[in-house]
Protein chains: 2
Amino acid sequence: MKKEKSPQKTLTTKERIFQASVNLFSQKGFDAVSMREIGREVGIRESSIYNHYKNKDAILESIINHLIDKLGAMSLTDEEMDVLISESPELFFETGSREFFNGMSNPETEKIWRILSIEVFHNEKIKTFFVNELLESPIKEWERIFTKMMKKGIIKEYDPRVLAMEYFSFALYLFFEYFILKYDTKYSSFTDMAYKKMIDHTNFILSSVKVENDEDSNLKL
Amino acid sequence: MKKEKSPQKTLTTKERIFQASVNLFSQKGFDAVSMREIGREVGIRESSIYNHYKNKDAILESIINHLIDKLGAMSLTDEEMDVLISESPELFFETGSREFFNGMSNPETEKIWRILSIEVFHNEKIKTFFVNELLESPIKEWERIFTKMMKKGIIKEYDPRVLAMEYFSFALYLFFEYFILKYDTKYSSFTDMAYKKMIDHTNFILSSVKVENDEDSNLKL
DNA sequence: GTCTATAAGTGGATAGAC
DNA sequence: GTCTATCCACTTATAGAC
């Protein structure tokens with residue numbers, strides 16, 4: 001909005017507060033981090049933070065909005081989807097998965113998803129964001145996609161709502177497994193833990209619903 | 001351990017502290033509830049609580065242990081499983097689902113699961129409990145079950161590990177959906193939100209992997 | 001077993017000098 | 001824009017009277 005990202009590393013104090021907050025909140029949760037602690041990380045006194053953010057809540061707010069902006073800048077158009085479906089369902093699923101993982105997997109984005117996962121209990125705005133963006137919109141989207149595939153005769157007839165749940169719930173399960181249970185463990189990123197599992201899942205769903213016409217067309221990594 | 005549940009409602013002060021804590025923690029989270037608040041709910045001063053529990057952490061500890069004790073008192077034996085599998089896979093899945101839902105759905109148990117869901121970030125003991133009891137043990141168990149079903153020729157050959165994930169991940173997804181995203185909404189219990197969805201899921205899995213021999217054997221509610 | 005009083009600490013936030 | 005100094009609300013927990 002204001003200016004482009006500077007070529008290298010001259011971050012403003014506000015940006016450094018932002019980054020320090022993302023790091024600390026993602027490790028300890030919002031409540032467990034004090035303004036003193038953020039200040040210490042940045043190298044200024046807590047009182048100076050108030051020259052850049054109105055209060056502690058405003059920092060969290062700006063972190064949430066940063067993710068929302070970033071996500072809004074992605075996602076396929078209807079035409080792109082149509083082309084992909086006609087090409088092959090395998091290619092389509094692979095593209096869809098890749099898109100989902102892209103929205104989760106760069107290091108800064110992961111930290112923010114982790115913050116949201118921790119704070120979803122205490123913050124109504126975060127909860128609404130989760131329910132809409134992670135649950136309801138994708139399920140509706142996949143219902144449309146499966147309906148389209150049925151009309152084209154690519155997959156068998158089955159309740160498209162159930163099919164959408166079957167397909168996408170697994171991605172959500174992986175999200176929860178990583179961001180709630182496995183964060184800070186051996187895995188270095190969401191993709192690292194989840195991508196292979198998602199391929200197995202996609203192959204299972206395809207093997208169940210695809211109209212047979214060729215031999216073996218499993219996805220490969 | 002000490003004495004049986006009194007026939008009606010003469011709760012000891014310690015039990016009233018326990019119940020007030022379960023209610024408050026499940027609504028606001030552990031950190032957001034003060035000893036003053038618990039005392040107010042019980043009708044005593046905060047300092048009096050320390051006559052019954054060593055400190056605040058000890059209250060949470062006793063809540064967790066209460067759930068662990070309760071869950072330990074359930075679960076099917078190997079022989080019961082064998083009989084059920086031989087009878088019919090439909091019956092087996094139905095019994096399995098019922099068992100899972102029983103471990104979640106009485107009002108007090110739900111509140112405790114909610115507390116654990118909130119505190120899984122801050123408490124290493126809770127995280128370990130979740131990963132073991134909710135993730136790894138059930139997946140291993142279902143892997144064994146699917147392997148057994150394949151040997152009996154009830155279901156088609158497929159990687160049993162993948163099948164276990166496909167089946168049980170949906171239950172976990174439902175758990176997260178309810179206890180993290182939908183708790184305190186229109187649903188009156190986990191069963192109320194999730195049971196029908198779990199039936200749809202079971203039917204989908206069965207329709208994919210079952211060896212055909214009779215007409216239509218979908219589960220009914 | 002409950003009370004009052006109090007210790008000892010931490011939190012977010014503001015005022016005003018520089 | 002950063003600092004020091006300070007406010008004040010609130011936290012867990014303990015000591016000791018009753």
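- Following rounding to the nearest Å, A:Ile44 (CD1) and D:dT4 (P) show an atom-to-atom distance of 12 Å.
- The residues B:Glu141 and B:Arg144 are annotated as salt-bridged, a charged nitrogen and a carboxylate oxygen being separated by less than 4.0 angstrom.
- Under the ring-ring contact (aromatic ring centres under 6.0 Å, His included) criterion, A:Tyr158 pairs with B:Phe204, sequence neighbours left out.
- The nearest whole Å value for the distance from the CD atom in A:Glu37 to the P atom in C:dG11 is 8 Å.
- Note on A:Ser48: every side-chain N or O is 4.0 Å or more away from OP1 and OP2 of D:dG1.
- Residues satisfying the ring-ring contact (aromatic ring centres under 6.0 Å, His included) test with B:Phe101, not counting sequence neighbours, are B:Phe190, B:Tyr195.
- To the nearest angstrom, C1' of D:dA15 lies 17 Å from CZ of B:Arg45.
- Ion pairing between A:Lys140 and A:Glu136 fails under the 4.0 Å rule for side-chain N and carboxylate O.
- Using cut-offs of 30° and 60° on the angle between ring planes, the pair A:Phe170 and A:His201 is parallel.
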Kindly give the atom pairs (protein nitrogen or oxygen, nucleotide nitrogen or oxygen) under 3.5 Å for nucleotides 13-15 of chain C.
from   : atom 1 : to      : atom 2 : distance (Å)
C:dA13 : OP2    : A:Tyr50 : OH     : 3.2
C:dA13 : OP2    : A:Lys56 : N      : 3.1
C:dA13 : N6     : A:Glu46 : OE2    : 3.3

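- Residues passing the side-chain contact (heavy atoms from CB on, under 4.5 Å) test with B:Asp82, sequence neighbours excluded: B:Lys148.
- Sequence neighbours left out, the pairs with a member in residues 39-48 of chain A that pass side-chain hydrogen bond (donor to acceptor under 3.5 Å, both in side chains) are A:Arg36-A:Glu46.
- Residue-level contact check: A:Val33 touches the backbone only, with heavy atoms under 4.0 Å from sugar-phosphate atoms and none from bases.
- Remark: B:Glu119 does not engage B:Lys127 in a salt bridge, criterion side-chain N to carboxylate O under 4.0 Å.
- A heavy atom closer than 4.0 Å to some atom of DNA chain C occurs in no member of residues 20-32 of chain B.
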